[in-house]
Each structure stands twice: as C-alpha cells, then as structure tokens.
Amino acid sequence: MSAAPVSTSEASGDHTPDHIAIIMDGNGRWAKARGLPREAGHERGVEALRRTIEAAGDLGVRRLTVFSFSTENWRRPVSEVTALFGLLRAYVKRDLARLKREGVQVRIIGNRAGLPPDIAELVKRAEEETAHNERFFLTIAFNYGGREEIVRAVSSLAEDVAAGRVAPSEINENTIESRLDTSGWPDPDLIIRTSGEYRISNFLLWQIAYSELVFVDVLWPDFTIEHLKDALETYAARERRFGAVATGTA
Ligand code: IPE
Ligand code: IPE
Ligand code: MG
C-alpha cells in the first residue's frame with residue numbers, strides 16, 4: 001500500500017490550493033473569432049500565461065503546472081506545430097532571467113526525445129539555472145501525454161525488473177510515481193480547463209486521481225486574475241474526501 005494522496009493545502013487546513021494545473025485551451029477559437037491566424041491566438045496565450053503565473057503567486061498558490069503542447073497536438077498542421085515550438089523557445093529565452101530573479105523554479109515535463117536539440121538544450125538550461133529557486137514552482141507540460149508518461153515510467157521499471165534490480169513484488173504506487181516526470185511533486189489540488197470543453201485530453205492522468213476539476217467558459221487568451229480568483233473560490237467551497245466519509249458525518 002502506498003500513502004494516501006495527501007495534499008499540502010488540506011494538511012495545513014488552508015483552502016488555497018497548493019498546486020494548480022491548467023489546461024490552457026481556446027487559443028484557436030480566440031483567433032478565429034477575430035479573423036486572425038491560429039498562431040496569433042497562441043501568442044496571446046503566452047501573455048495570459050505570464051499574467052496567470054504572477055496572479056497565482058500573488059494569490060498564495062505555490063505550484064502551477066500548465067499544459068502547452070500535447071503528444072496529440074502533432075496532428076495539427078506543421079505550420080502551427082512549428083509556431084508552438086517557436087513560442088516555447090521565445091518564452092524561455094525572453095522570460096528566463098525574470099523567472100530566475102523572481103525565485104521561480106522551472107521544470108518541463110513530457111517526452112524530451114521529441115524536442116528539437118536546441119529546445120532540449122534551452123529547457124535543460126532553464127531547469128539547471130532555476131533549480132535552487134523555491135518561491136514558486138512552474139511546470140510546463142510540453143510534448144506531454146499522460147499515457148505516454150505512464151508508458152515511459154512502466155518501461156523503465158520493466159528494464160530494472162528484467163535486469164534483476166527491482167523485484168516484481170516491490171512494485172507499488174510509490175515506485176511507479178517515482179518514475180513519472182512529476183516525481184517528487186505533490187499531485188494537483190485543482191485542475192482548471194478553459195474554453196468551455198469538459199475533458200482532460202490526456203493531461204496528468206495518474207496525478208489527478210483526487211484533483212478537483214473546474215471548467216471555465218472563457219477562451220485562454222481572455223483568462224484573467226478574476227477568472228483565477230473565481231476558480232479558487234469554487235475550489236475553496238468544495239469538500240475533498242479522498243474516499244473517506246464526509247466531515248461531520250463520521
Ligand atoms: C490551446 O488552444 C493550445 C494548444 C492546444 C496548443 P487550442 O489551439 O487548442 O485552441 P482551440 O481549442 O482550437 O480553440
Ligand atoms: C489540450 O487541448 C492540450 C493543450 C491545452 C496543450 P486540445 O485542444 O489539444 O484538446 P482537444 O483536442 O480539444 O481534446
Ligand atoms: Mg483546443
């Protein structure tokens with residue numbers, strides 16, 4: 001048996017989520033509504049991300065994970081994929097110094113093998129240069145798929161079992177968790193998805209077992225601190241039970 005999913009915020013009795021994860025959806029529709037190319041929506045999406053990182057920190061959230069590019073987003077036109085990779089490159093180049101200065105630790109999750117070498121190098125540098133920061137923790141899920149992450153984790157465990165380094169009887173939730181890209185991080189307390197879609201789209205499948213879900217009917221480029229505050233209020237009014245009996249009825 002592994003430990004129950006304990007959330008830092010629950011443990012402290014505080015109703016602000018410690019870790020929020022956001023599916024930043026709706027850039028394409030935002031652009032289409034204005035007669036602009038989809039790429040313009042993605043550019044405005046980066047501005048919404050900057051606002052949200054700042055707002056989350058101001059509102060007492062310590063960890064933020066954002067979904068930027070999924071393993072399924074390769075199905076989009078090459079021009080759009082290229083633009084999305086270009087935006088990650090530009091974002092890290094432009095914002096790294098400030099993130100460093102502001103005490104933000106940056107981590108990128110997803111399949112690195114699928115990244116162009118210069119982006120893989122840039123991402124590694126961003127992680128190394130911010131590794132000692134502890135004021136705020138930012139994870140960018142890029143070329144990320146929940147199933148793909150689990151496959152990599154299980155495959156690395158299987159290699160250790162085949163080599164005799166791990167016994168099958170030693171495999172439990174903790175050993176699998178330790179092989180995930182998110183290893184060592186608490187699970188998200190709250191998942192927010194924008195754009196009015198009600199699905200997970202292969203985001204953090206293992207980690208969201210007990211996350212609260214909030215769906216916001218606003219396109220990501222229009223997401224503001226007010227939307228974030230509303231989502232945090234919705235979260236604060238929820239009662240998390242982790243499979244136990246509701247408080248007050250035990
Ligand atoms: C989210 O916006 C960004 C990515 C998935 C990369 P979309 O590009 O999915 O926007 P819509 O859903 O088409 O409006
Ligand atoms: C999820 O959005 C992925 C990201 C936000 C990066 P999608 O727009 O790709 O999801 P679907 O295709 O509508 O489910
Ligand atoms: Mg979408």
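Just follow the structure's listing: the first ligand is 1, and inside any ligand the first atom is 1.
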- Test log, rule salt bridge (charged side-chain N to carboxylate O under 4.0 Å, His left out), inputs Asp189 and Arg240: CA-CA 9 Å; Asp189 298 295; Arg240 303 181 74 187; 2.9 Å; yes
- Message: Tell me the contacting part of Asn73 for ligand 1: side chain, backbone, both, or neither, using a 4.0 Å heavy-atom threshold, strictly below.
- Response: side chain
- Note on the structure: Honestly, for Ser68 the part within reach of ligand 1 (heavy atoms, under 4.0 Å) is backbone
Short side-chain to backbone donor-acceptor contact, [X] and [Y], under 3.5 Å:
X      : Y      : answer
Arg152 : Leu180 : no
Glu212 : Arg238 : no
Thr175 : Asn172 : yes
Arg62  : Glu134 : yes
Trp30  : Pro221 : no
Thr234 : Asp230 : yes
Asn202 : Arg147 : yes
Glu177 : Gly184 : yes
Gln105 : Ala131 : yes
Glu170 : Ala167 : yes

Identify the protein heavy atom lying closest to [atom], giving its residue, its atom name and the separation to 0.1 Å.
atom                    : result
atom 4 (C) of ligand 1  : Arg76 NH1, 3.9 Å
atom 1 (C) of ligand 1  : Met24 O, 3.0 Å
atom 10 (O) of ligand 1 : Gly28 N, 2.9 Å

- Please state whether Lys32 comes within less than 4.0 angstrom of ligand 1, counting heavy atoms only. no
- Query: Heavy atom of Ser195 under 4.0 Å from ligand 1?
  - Reply: no
- Query: Are there protein heavy-atom neighbours of atom 12 (O) of ligand 2 below 4.0 Å?
  - Reply: no
- Query: For ligand 2, which atoms have a heavy atom of Arg199 less than 4.0 angstrom away?
  - Reply: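 What qualifies from ligand 2 is 11 (P), 13 (O), 14 (O).
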Between [X] and ligand 2, find which residue part has any heavy-atom pair under 4.0 Å and reply side chain, backbone, both or neither.
X      : value
Ala141 : neither
Arg193 : side chain
Phe69  : backbone
Glu197 : neither

- Message: Quick check on side-chain contact (heavy atoms from CB on, under 4.5 Å): which of Ile200, Leu190, Asp187 does Ile208 satisfy it with?
- Response: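 Single side-chain contact (heavy atoms from CB on, under 4.5 Å) partner of Ile208 among Ile200, Leu190, Asp187: Ile200.
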- Item | Where ligand 1 meets Arg29 - atom numbers and elements under 4.0 angstrom, heavy-atom basis | 11 (P), 12 (O), 14 (O)
- ligand 1 atoms in contact with Asn27 (distance to a heavy atom under 4.0 Å):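 Numbered from 1, ligand 1 contributes 1 (C), 2 (O), 3 (C), 7 (P), 10 (O), 14 (O).
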- Query: What do you reckon, does Ser201 have a nitrogen or oxygen under 3.5 Å from a nitrogen or oxygen of ligand 2?
  - Reply: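 Yes.
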- Query: Given Leu84, Ile23, Leu87, Asp25, which one has a non-hydrogen atom that is nearest to atom 7 (P) of ligand 1?
  - Reply: Asp25
- Query: Leaving waters out, which protein N, O or S atoms fall under 2.8 Å from the Mg ion (ligand 3)?
  - Reply: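 Near the Mg ion (ligand 3), the protein supplies Asp25 OD1.
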- Item | Carboxylate-amine/guanidinium proximity below 4.0 Å for Glu47 and Arg51 |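 No, Glu47 and Arg51 are not salt-bridged.
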- Are any of the N or O atoms of Arg38 closer than 3.5 Å to those of ligand 1?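 Among all N and O atoms of Arg38, at least one is under 3.5 Å from an N or O of ligand 1.
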- Note on the structure: Exactly one candidate in Arg112, Lys100, Arg107 meets salt bridge (charged side-chain N to carboxylate O under 4.0 Å, His left out) with Glu127; the answer is Arg112
- Mind checking the CZ-CG spacing from Phe223 to Asp25? Nearest 0.5 Å is all I need.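 With rounding to 0.5 Å, CZ (Phe223) is 12.5 Å from CG (Asp25).
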